[in-house]
There are 2 protein chains.
Amino acid sequence: MYKRKIPLTMDCGLHLTKEVLNGKWKPALLNAIALGVRRPSEILRLLPGATRRVLSVQLKELEEHGMIEKKTYPQLPPKVEYSLTEIGWSLMPIIDALNQWGDTHRTFLETVIRQDPKVVHITKSACQLQHLSVGEQQVG
Amino acid sequence: MYKRKIPLTMDCGLHLTKEVLNGKWKPALLNAIALGVRRPSEILRLLPGATRRVLSVQLKELEEHGMIEKKTYPQLPPKVEYSLTEIGWSLMPIIDALNQWGDTHRTFLETVIRQDPKVVHITKSACQLQHLSVGEQQVG
DNA sequence: CAGAATCCACCAGGATACTG
DNA sequence: CAGTATCCTGGTGGATTCTG
């Protein structure tokens with residue numbers, strides 16, 4: 001088993017939270033599940049930029065960190081459903097805030113980020129989360 | 001100049017925000033500056049886990065993204081002061097929420113994160129942010 | 001004191017193929 | 001459909017040294 005060689009730094013709340021949300025798709029995954037998209041294949045469709053492997057890895061981490069729960073139906077073909085735990089739900093106001101802040105300042109942000117000479121080109125449509133209305137949220 | 005070869009994905013607000021806060025010390029840096037710690041040497045003292053170089057790099061990125069402003073006094077020895085821009089300030093509720101969430105669930109989080117077999121050991125005291133009371137915040 | 005230049009270890013995440 | 005194993009690339013951030 002792989003072991004990380006660089007120690008974590010985690011005594012202020014900021015770093016603890018960062019560790020939980022650390023991963024390219026973690027916030028999007030939590031958001032998707034909160035919006036009722038609970039099956040891996042659906043999530044995969046929702047995030048065309050991500051591969052099955054990466055989603056798998058990050059979902060597992062979220063599960064290990066206690067943010068989501070996994071329900072496996074022992075069938076063929078297999079069926080899996082994820083749901084938020086209570087502590088997972090407690091993250092949603094933050095996710096919403098992140099999402100909203102990005103949307104509010106979209107024009108500005110796209111400009112300054114595009115100005116960044118490091119950024120070669122931008123791919124659009126890697127995430128369809130914004131097409132789901134928040135009103136469709138399901139109650140845990 | 002280094003150029004990034006992997007395209008960004010940034011059409012949902014979540015990813016825009018993530019790009020801005022992307023960097024090990026970015027939220028902590030914003031928080032520090034908001035709390036009135038504006039000089040590099042002070043910030044360095046506040047975040048003993050980070051090196052001068054990394055702070056320098058991430059401060060520059062925050063500046064390029066328009067979150068902070070840099071004021072240089074042409075003296076010897078040089079003196080530099082950072083401050084939040086208006087849009088930078090607009091991030092503070094989010095930073096506070098991240099910080100608070102981590103603190104609220106500290107016990108749980110430290111447990112599940114430590115359970116993670118990837119984590120070998122944890123360094124404490126890499127960040128002294130929690131020693132500053134929020135009451136000491138300065139107005140932009 | 002502030003920061004630029006180098007060098008590099010580490011590891012996150014993408015591609016692909018395979019199993020049940 | 002869901003998940004794992006393997007391999008590989010690129011880029012973040014740490015160490016160190018040097019300048020003004």
Point to revise | Whichever of B:E42 and A:G23 has its nearest DNA chain C nucleotide further upstream toward 5' | key: B:E42
Practice item. Output the single nucleotide from D:dT4, D:dC1, C:dC1 whose closest atom is nearest the side chain of A:P78. Key: D:dC1
**Study point:** Out of C:dC1, C:dA15, D:dG3, whichever nucleotide has its closest atom nearest the side chain of A:T51
**Key:** C:dA15
Check your understanding: What nucleic acid atoms does B:V54 come within less than 4.0 Å of, heavy atoms only: base, sugar-phosphate, or nothing?
Key -> base
Review point. Do the side-chain N or O atoms of A:K60 get closer than 4.0 angstrom to the phosphate oxygens (OP1, OP2) of D:dT4?
Key: yes
Review point. Are B:R106 and B:E110 within salt-bridge range, i.e. N to O under 4.0 Å?
Key: yes
Exercise for review: Could you check how far CZ of A:R45 sits from P of D:dA2, rounded to whole Å?
Suggested key: 9 Å
**Study point:** Spacing of B:L55 atom CG relative to D:dT16 atom P, expressed in whole Å
**Key:** 16 Å
Point to revise | Rounded distance (Å) that lies between atom P of D:dC1 and atom CD of A:E81 | key: 15 Å
Exercise for review: Ignoring hydrogens and angles, answer whether the base of D:dG3 and the side-chain atoms of A:R53 contain a donor-acceptor pair closer than 3.5 Å.
Suggested key: no
Check your understanding: Can you check the B:R52 CZ to C:dA4 C1' distance for me, whole Å?
Key -> 11 Å
Point to revise | Touch class at under 4.0 angstrom, heavy-atom based, for A:Q58 against every strand present | key: sugar-phosphate
Exercise for review: Look at all strands and tell whether A:Y82 reaches a base, only sugar-phosphate, or nothing, counting heavy atoms closer than 4.0 Å.
Suggested key: sugar-phosphate
Revision key, fill the gap. Whole-Å distance, A:Q75 CD to D:dA2 P, equals 10 Å
Check your understanding: What's the shortest heavy-atom distance between B:N99 and A:L14, and which atoms?
Key -> OD1-N, 3.3 Å
Exercise for review: Would you indicate what B:K70 reaches in the nucleic acid, counting non-hydrogen atoms under 4.0 angstrom: base, sugar-phosphate, or nothing?
Suggested key: sugar-phosphate
Check your understanding: Across the strands shown, which category fits B:P40 at heavy-atom distances under 4.0 angstrom: base, sugar-phosphate, nothing?
Key -> sugar-phosphate
Study note, to complete from the structure: Atom CD of A:E61 and atom C1' of C:dC11 are separated, to the nearest Å, by 12 Å
Review point. Rounded to the Å, how far apart are A:R38 CZ and D:dC1 P?
Key: 19 Å
Review point. Does the ring of B:Y73 carry B:K79 above it, NZ/CZ under 6.0 angstrom from centre and within 45° of its axis?
Key: yes
Practice item. Considering just the side-chain nitrogens and oxygens of B:S56, establish if one lies under 4.0 Å of OP1 or OP2 belonging to C:dA2. Key: no
Review point. Do other residues, nucleotides or ligands put more than 12 heavy atoms under 6.0 Å from the CD atom of B:E86?
Key: no
Study note, to complete from the structure: Here the distance between atom P of D:dA2 and atom CD1 of A:I68, to the nearest Å, is 14 Å
Practice item. Before accepting this row, confirm whether a basic side-chain N of the pair A:K70/A:E81 lies closer than 4.0 Å to the acidic partner's carboxylate O. Key: no
